[in-house]
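Let me begin by presenting the structure, written as structure tokens, before commenting on it.
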2 protein chains.
Amino acid sequence: MLKKERHQFIMDKFKNVEKINTIDLALELNISEDTIRRDFNELHNKGLINKVYGAAFPLKEKSNNVFDITIINEDKKIIVGQKALSFLTEGQVIIMTGGTTNLSFCKLIPIDFSATIYTYSLPIAMQLSQHPNIELIFIGGKLQKKAMVTVGIDVVQVLSKIRADVCFLGVSSLDVNQGLTEMGYEVSIIKKEMIKASDKVIVLATSDKINGKMPHQVCGLDKIDAIVTELNPKSSRIKSFVEAGARVY
Amino acid sequence: MLKKERHQFIMDKFKNVEKINTIDLALELNISEDTIRRDFNELHNKGLINKVYGAAFPLKEKSNNVFDITIINEDKKIIVGQKALSFLTEGQVIIMTGGTTNLSFCKLIPIDFSATIYTYSLPIAMQLSQHPNIELIFIGGKLQKKAMVTVGIDVVQVLSKIRADVCFLGVSSLDVNQGLTEMGYEVSIIKKEMIKASDKVIVLATSDKINGKMPHQVCGLDKIDAIVTELNPKSSRIKSFVEAGARVY
DNA sequence: CTAAATCGCGCACGATAATGCATTATATTT
DNA sequence: AAATATAATGCATTATCGTGCGCGATTTAG
């Protein structure tokens, strides 16, 4: 039995059992404890298992992979993204904010779509890097780890110098009276700048963002050219926005 | 039986089996193990199979998840990374290049390590965003999709204005006479700038990078403060570097 | 605090790999 | 078709890898 096979065997076994004893596995596979220990050590070094005295445990399945981004309400966000596709035109210059709604949207963009896209979100950039015809420009700055976006004066400065055709804007909250509001001050500043830099502003939001209020205002409804949600535009939950004159899709 | 036929035979066989033993195949095809090994090596270099001690495996089909980064020769890179940890000091200002060797290194950095880190690599930034005490600054620019790093004048400009204590430099190739060389012109320019901006330069490289030559020179060995590989510094494979006066770890 | 279990390290040995070289097969040129 | 260059193959040698064992160090449990 090859080393690699044993490693695979161990990882597979952890799908069924919660703990593997060093001695037991040595007996089961008919090899020395030393080898098992070495295997455990190697797997431990790779960050695949937890090791304790005399045994090993599987790692808590909680996103041990940094790069695994879980999208909550993904089905709703996919609906939003599909509607938003109609706002894309070949050759546009686009500003794309962060957030999982925008991420879902980016996953739906046709693979050969051609455009220039500015973003300040790491996950969005990773996703869009798959598109060979998209010229992707990342706006650098200090990283805000929670949102995985860059913030700070550098970001604002870059934004102040560009002109985009359209901005796809993910949001914290959307309210009929307050308009668009953000949880973080820095992000609110940056989004203001993004709106200023774009001819059109398309807001992507699932219904759970509606009628919430966050401390920092970004803009009023009048600045927004389209609001895309997973709801039917005639839905009662979005009625107030339609009545206020917003273009809801 | 021609080489091409054998290669085809091997790839076909992987459609049915999960593992091909070196000896078994040699017996089956009635040719020497050497030839099989050479075949495995060639296919491995083309990135078509995985090779381990005594056998070969088919590549696990790359996941459709953009964020999944497969690190080849991960065990070697982990050794490099562990050695490189000794060059870290709390509170440093660090420049980190891209590449999977550096990525492995970043995974090994203690979770509570505190420093300021500049990078132009998306995967590295994603990884380091896990560390709460690291002030992470992403250098923006046009994204080079293949390497997942930003390039262009903006990157150079940012680098020209910073001073770092240490630069951890991943490389394309390392040669005793040519020094550090790169495949891409743009990246070579940027790495020059990174070296200029740093007091110390630590090169992280697995042995397969050694004695290769790429078209664009970055710097000579004299600019490098330390070369970290997975090899023992006394190994014959690295001997020429030691003799040339390089500090090999 | 003590005893038992477990661990890490160095060493030895057999298996597998890499390298240089001679030989044979294949491709290219004239 | 013959001559020559180029590539592929196998063998011998040396290097490297994986594994088990022994021993002292470390950890756990009572």
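Reminder, nothing fancy here: chain letters follow the sequence lines and each chain counts from 1. Only a predicted model underlies this, so the values are computations on that prediction, with no experimental measurement involved.
- Judged by atom type and distance alone, B:Asp34 reaches the base of D:dC11 through a side-chain donor-acceptor pair under 3.5 Å.
- Per the geometry, CG belonging to A:Asp24 stands 10 Å off P belonging to C:dT6, to the nearest Å.
- The NZ atom of A:Lys4 sits 17 Å away from the P atom of D:dC17 (whole-angstrom rounding).
- Judged by closest nucleotide on DNA chain C, A:Asn41 is the one of B:Ala55 and A:Asn41 placed further toward the 5' end.
- Relative ring orientation between B:Tyr185 and B:His216 is described as perpendicular, the plane-to-plane angle rising above 60° on a 0-90° scale split at 30° and 60°.
- For B:Arg6 and D:dT9, the shortest distance from a side-chain N or O to OP1 or OP2 is below 4.0 Å.
- Contact annotation: B:Thr35 does not reach the phosphate of D:dT9 (side-chain N/O to OP1 or OP2, under 4.0 Å).
- Atom P of nucleotide C:dA18 and atom CZ of B:Phe40 are separated by 12 Å, given to the nearest angstrom.
- As rounded to whole Å, 10 Å separates atom P of D:dG20 from atom CG of A:Asp39.
- Taking atom CG on A:Asn30 and atom C1' on D:dG20, their separation rounds to 13 Å, with Å as the unit.
- Place B:Tyr53 and B:Arg38 on DNA chain C by their nearest nucleotides, and B:Tyr53 ends up nearer the 5' end.
- If you take CZ of A:Arg37 and P of C:dC7, they are 5 Å apart, rounded to a whole angstrom.
- Residue B:Glu5 qualifies as enclosed at atom CD: its count of foreign heavy atoms under 6.0 Å is above 12.
- Tested against A:Asp39 for a side-chain hydrogen bond (donor to acceptor under 3.5 Å, both in side chains), the candidates A:Arg6, A:Lys3, A:His44 yield a single pass: A:Arg6.
- Heavy-atom distances to DNA chain D give each of B:Ser32 and A:Glu33 a nearest nucleotide, and the one nearer the 5′ end belongs to B:Ser32.
- A perpendicular orientation is assigned to the rings of B:Tyr249 and B:Phe87, their planes being inclined by more than 60° (bins at 30° and 60°).
- The side chain of B:Leu2 approaches C:dT26 more closely than any other nucleotide in the set C:dT26, D:dG10, C:dG8.
- Per the geometry, CG belonging to B:Asn45 stands 15 Å off P belonging to C:dA17, to the nearest Å.
- The residue B:Ile23 sits close only to the backbone: its heavy atoms come under 4.0 Å of sugar-phosphate atoms, none of a base.
- Taking every side-chain heavy atom of A:Lys3 into account, D:dG18 is the closest of C:dG8, D:dG18, D:dG10.
- The distance between atom NZ of B:Lys51 and atom P of D:dC17, rounded to the nearest whole Å, is 11 Å.
- Although no hydrogens or angles enter the test, the distance criterion places no donor-acceptor pair under 3.5 Å between the side chain of A:Thr100 and the main chain of A:Ile71.
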